[in-house]
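Chain letters run A, B, ... following the sequence lines, proteins first and then strands; every chain starts at 1. These numbers were taken from a predicted model, which means no experiment stands behind them.
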Protein chains: 2
Amino acid sequence: MDVTPALHGSEVVVAGWVWELRDIGKIKFIVLRDREGFIQITLKAGKTPENLFKIFVELGREDVIVVKGVVEASKIAKRGVEIFPSEIWVLNKAKPLPIDVWSETPDLATRLRWRSVDLKRPRNLAIFSLASAMLRTIRDVLYGEGFVEVFTPKIIVTSTEGGAELFPVLYFERVAYLSQSPQLYKEQLTASLERVFEIGPAYRAEKHNTDYHLNEFISVDAEAAFMDYTDIMNILEKMTKNLAKTVASFSTKLNEVGVKPVVTEVRNVPRVDYDEAVDWLRRLGFAVNWGDDLTVEMQMALMKFYGPVYFLVNFPASLRPFYTKRRDGEKSESYDLIINGIEVASGATRIHRRDELEEEMRKRGLDPRLFEAHLSVFDYGMPPHAGFGLGFNRLVTAMLGLDNVRHATLYPRDRYRVEP
Amino acid sequence: MDVTPALHGSEVVVAGWVWELRDIGKIKFIVLRDREGFIQITLKAGKTPENLFKIFVELGREDVIVVKGVVEASKIAKRGVEIFPSEIWVLNKAKPLPIDVWSETPDLATRLRWRSVDLKRPRNLAIFSLASAMLRTIRDVLYGEGFVEVFTPKIIVTSTEGGAELFPVLYFERVAYLSQSPQLYKEQLTASLERVFEIGPAYRAEKHNTDYHLNEFISVDAEAAFMDYTDIMNILEKMTKNLAKTVASFSTKLNEVGVKPVVTEVRNVPRVDYDEAVDWLRRLGFAVNWGDDLTVEMQMALMKFYGPVYFLVNFPASLRPFYTKRRDGEKSESYDLIINGIEVASGATRIHRRDELEEEMRKRGLDPRLFEAHLSVFDYGMPPHAGFGLGFNRLVTAMLGLDNVRHATLYPRDRYRVEP
């Protein structure tokens, strides 16, 4: 609904939901909501057709209506504009809502129970409209770098990383699993399509239930032949800058709904060596040893040196999966992208030689024979390659400074939640 | 690799795979392949450094190499250009390939067994590069119409249509299922985000194994508030026209790899009433009764009247799911988009009133109580809405005139295939 004072005097037709009804005697107001915002419909005795007053008294919140009327610029109305209706059609009635969408009162669990109703909340409309714009930004950056969009299967027979946290699927006569990540497929595809990306669901059957984990999440995966981790970080840096602009373009709307984004501008993204990060953390009093993974708390503490967006680079190889290329023996050509203390993306230069891959598998207690289907592809011309995996729900959460990844997920799936 | 005769005299660095090696004495050729095409590397005694001849004799097909050299325009070389190398680096060796990618000899099953190798075939590189461009076209049309991209869960607890063809998933302590379609979610989202689309995997546990069915496929789903099926067909018509342009832009490349697209231009898409189609088919001698579903053979026969791209509209309500809006009693506001005889998309105006939905469920032997979570959303302000579901793999198959949907799927999942 894009009704502005410039339309003064024009007849328009608008459709939406009754957000608020106000009756102050001879003047009655309907505040109509749609995805984009609100518009005031004004009924005035003497000016408005009599039958509309009868419709008005029957109206309830969230009724679906269509209004035809004339636009008038107004100094009092919220948007500087109101509509004087000539006709109102009620397309569907609404019962009183099971949850309050007019305030931020209900707790998250109650909201998620009634998620489709909860999404009428302007805050949610802003978050998910922005999320769509962010997806578009991500794809545009990748198209610009010559990446081809692919879809790989989510029903698989072997675990990507050899871990046990998989959801079993009954696939006709056999047991298969839901994919944790398109890692092996996207690596294999660098030998043909060279630069590929995929945006789709990924599954982790982890039993812990935190504010930043989901059991089904949207993973943005990219992989490129003839690139190393520095090339990939350059692409992620460009993406982060453009994403910040996308968030900034939603500033007014986010402000109206009380969301204060953490990242609206990115100038450069520091690349912080793991060793340097550990040094700083020790000076800050954290009990952290070389070889430890860093916690969200530690990553937040590092923000005071590097700002809200930085890369951690060159992790100990022992912290990374078997397909990560080593660098100087015990370290690796790897990185995490940290936004607001949260790891939103992770990647590395990958090993492209079969013998090295097998050696790294054995070091981690994995049996190369179980990965023969994957390893065999490395026999037939596998190029050097690098890539990243990015948790999309986390990205939105981190950039907007939300306190739970479920706020950035339409219908979350977690340890105790598989509906709605 | 974009090396053209205009670069004559320049030094370039190219990377790729050894496609072919030819040794005609004092001159030796390497044909290098990348995603975009081929380039000829020419080694000439007297002109080329001696050590490169030693590298040449060690080279094998599909070895991964990087070549630095000077471009020369050539009347003999295939692309009108060749590179005289000053350096060649071998980044990875390839064993002899398990399948022939240089001809179209291997059968589909063998190719799929070695899919990651098979994808090196130029025909596949063209098809999947085009598929990515088609996805981009689809999204651009939907963005242009104000649709927001969403992701809905693929792990669900109730069947969308009440059918039994679901894959069970062990989700912690309970049994859940893989989603057949985002139908119910996308309808619910029209009450908040108004116009939504999703591109993601969908699952059908159907046991029959045909050339046009997959058990995991990519579904393009869209749904819009305040639209009916005519509005949605207008959007699909625009999309079809733009997709034809996208296919046409790949004409040269498709021609080189022997793919003859069926659709490279769409002027208008006829909307053929189901009754009219049945009349024509009877005159053509098909044994079809009013109320029967049409077969691929019948839909192909209708091409001689309507061309390769048409809508079938106003199907008998009994042929459509419970959420389809009726029209004139026994018919419905529904349509299929048919391309080259194949149903690639399907949609309708949906019912937006709870009582009508319940009635249609009962008519189909479904118990409304099992759909209470979905039905309850209709109590709280559900707008009139309409939408479509489109099988992306089928779309590519139909527009390119491929004879099996697996040719348009990177790693197909079917009755007997869950690897690679």
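Residues of residues 118-127 of chain B lying under 4.5 angstrom from chain A, judged on non-hydrogen atoms, are B:Leu119, B:Lys120, B:Leu125 by number.
Because its NZ or CZ atom is both nearer than 6.0 Å to the ring centre of A:Tyr143 and within 45° of the ring axis, B:Arg136 counts as a cation-pi partner of that residue. Both tests do not hold together for A:Arg61 against A:Trp17: distance to the six-membered ring centre under 6.0 Å, angle to the ring axis within 45°.
Note: A:Pro153 leads A:Pro153, A:Ala133, A:Ser116 in heavy-atom pairs under 4.5 Å with chain B. Interface remark: of the candidates A:Gly200, A:Pro383, A:Ala131, A:Gly60, A:Pro383 forms the most heavy-atom pairs closer than 4.5 Å to chain B. Taking chain B as the reference chain and counting heavy-atom pairs below 4.5 Å, the highest number among A:Ser132, A:Ala176, A:Ala373 is found for A:Ser132.
Interface residue B:Lys95: backbone and side-chain heavy atoms are both found under 4.5 Å from chain A. Contact of B:Pro384 with chain A is made through the side chain alone, with heavy-atom distances under 4.5 Å. Within the 4.5 angstrom heavy-atom criterion, no atom of B:Thr409 approaches chain A. If you measure heavy-atom distances from B:Val169 to chain A, the contacts under 4.5 Å come from both the backbone and the side chain.
The ring-ring contact (aromatic ring centres under 6.0 Å, His included) test applied to A:Phe217 returns no partner, not counting sequence neighbours.
For the 3.5 Å distance criterion, the side chains of B:Tyr380 and A:Glu62 fail to qualify, holding no donor opposite an acceptor.
Counting heavy atoms from C-beta on, the side chains of B:Pro182 and B:Phe151 never come closer than 4.5 Å.
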